[in-house]
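Encoded as structure tokens, the structure appears first; notes follow it.
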There are 2 protein chains.
Amino acid sequence: MSAVPTTSKPAPRRGRPGYDQDAVVAAAVELFNRHGYEATSMGMIADRLGISKSAIYHHVPGKEQLLEVALDRAISELEAVLDRPAARERPVDQRLEYVLRAMVGVLVDELSNVTLLLRVRGNTPMERRAMERRRAFDHAVADLIEEAAKSGALRSDLQPRVVTRLLFGMINWITEWYRPDGPLRREELGDSVVAIAFDGLRPRG
Amino acid sequence: MSAVPTTSKPAPRRGRPGYDQDAVVAAAVELFNRHGYEATSMGMIADRLGISKSAIYHHVPGKEQLLEVALDRAISELEAVLDRPAARERPVDQRLEYVLRAMVGVLVDELSNVTLLLRVRGNTPMERRAMERRRAFDHAVADLIEEAAKSGALRSDLQPRVVTRLLFGMINWITEWYRPDGPLRREELGDSVVAIAFDGLRPRG
DNA sequence: GTCTATACGGAGATAGAC
DNA sequence: GTCTATCTCCGTATAGAC
């Protein structure tokens, strides 16, 4: 249903060599994350790629589509997590644990695009559409947490909504510091998130 | 030592009525948080205040100082937390708990300014100075966490650096969703953060 | 403390050549 | 697929009147 084709064709392109849409979008996303979307000019993207401003318009109709392609990719990957069998066919507490780990995985794999998604403020209709999809995803995970709390798998003295926000904080903030070329692997990161979320830092007696 | 005076004079100003620096900065910060610093124009700030662009230059030498005043205020409040007696003169685990709660308090009290601080990307020397102060604060809290881990007050199977990042995520992300006019009070929020951080979500048997 | 008028550069986007 | 040239609008900042 998305208006933006992902253009992920692994087949070698024919014709004159040069950039394809994915490469242009990737360069744009890096700059959007550094300077903000609105403050990033087409000239900056062109300089980064070593081509002229107008050449970008061959790959994409305008600046906003550069953002839209990246946001669509990020939110689609997150949505896909909830459709996986492991996120649907288990006891609630195991489903929640799986989803938290999977969210960390998507964040790491799609770090730039998800970073961009999390920074969108809803200043245009397109941004609001992306935020709405994100909000639906957040709600689905919140429902999972509430279900787990009602089943007795989670402590009952905390508000599920607040818990959801705080867990999302732990995970979403990963985009602000994680570096794929660093020493920490995604699996260890997921383990740490789950460890704190379920058991906390105090040693168990 | 900051180059930017805070201009917090509660005494009524004399002379011609109009805005003072604090009011101009407050309006600017709201817009910076919505559109990003670079994408916010002096014209947008002027429109918000109902004055002309050039009138702003009476209160502040330029756009960058609007940012600097806000960042200085945010980081100063955070730094002050670590100087409080309660953050220095107790067992490490109690000091850590106090600091986490106090960070939540500062975030809530200085929500707009701290939000802005957390979104700075280091694109100018001034932004990098603010980030350096923030980094020093983060390091001080990280040292506290490491000290608590070594003393046995925290479990030893998690890397203190990763723990620090995840705890900062829970807290810093509060700027993305907390609304002061909402039903959740700062004390409850601090309690929830501490509860998850130390004990996690699993019921204790 | 605020205004109007203006300087000057850079923004997104298009036309049309190669 | 990329280029140069150009359109039109908006950016920060300044000068000087009230």
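Residue numbers begin at 1 in each chain, while the letters A, B, ... track the order of the sequences. In this text, all values refer to a predicted model and were calculated from it rather than measured experimentally.
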Taken to the nearest whole Å, CD/Gln65(B) to C1'/dA13(D) is 12 Å
Q.
Looking only at the side chains, is there a donor atom on one of Tyr178(A) and Arg165(B) sitting less than 3.5 Å from an acceptor on the other?
A. no
To the nearest angstrom, the CE-C1' distance between Met42(A) and dT6(D) comes to 17 Å
Among dT12(D), dT2(C), dC3(D), the one nearest any side-chain atom of Ser52(A) is dC3(D)
For the residue pair Ser112(B) and Asn33(B), establish whether any side-chain heavy-atom pair is separated by less than 4.5 Å. yes
Less than 4.0 angstrom between a side-chain N/O of His59(A) and OP1 or OP2 of dT2(D), yes or no? yes
To the nearest angstrom, the CD1-C1' distance between Ile51(B) and dC3(C) comes to 11 Å
To the nearest angstrom, the CD1-C1' distance between Ile56(A) and dT2(D) comes to 11 Å
Comparing nearest nucleotides in DNA chain C, the 5'-proximal residue of the pair Met44(A), Pro61(A) is Met44(A)
Tell me if the side-chain of Ser54(A) makes a donor-acceptor pair with the base of dC3(D), cut-off 3.5 Å, by modelled atom types.
yes
Here the distance between atom C1' of dA11(C) and atom OH of Tyr37(A), to the nearest Å, is 12 Å
* Asked: So, Arg119(A) and Glu176(A), do they make that salt bridge, N to O below 4.0 Å?
  -> yes
So that I can tick it off, tell me whether Asp109(A) and Arg186(A) are bridged by a salt bridge, with the cut-off set at under 4.0 angstrom between side-chain N and carboxylate O. yes
Between OH of Tyr57(A) and P of dT2(D) the distance, given in whole Å, is 15 Å
Taken to the nearest whole Å, NZ/Lys53(A) to P/dT6(D) is 14 Å
From CZ of Phe32(B) across to C1' of dG11(D) the rounded distance in Å is 14 Å
Categorize Ser41(B) for me: base, sugar-phosphate, or nothing, with a 4.0 angstrom heavy-atom threshold over every strand shown.
sugar-phosphate
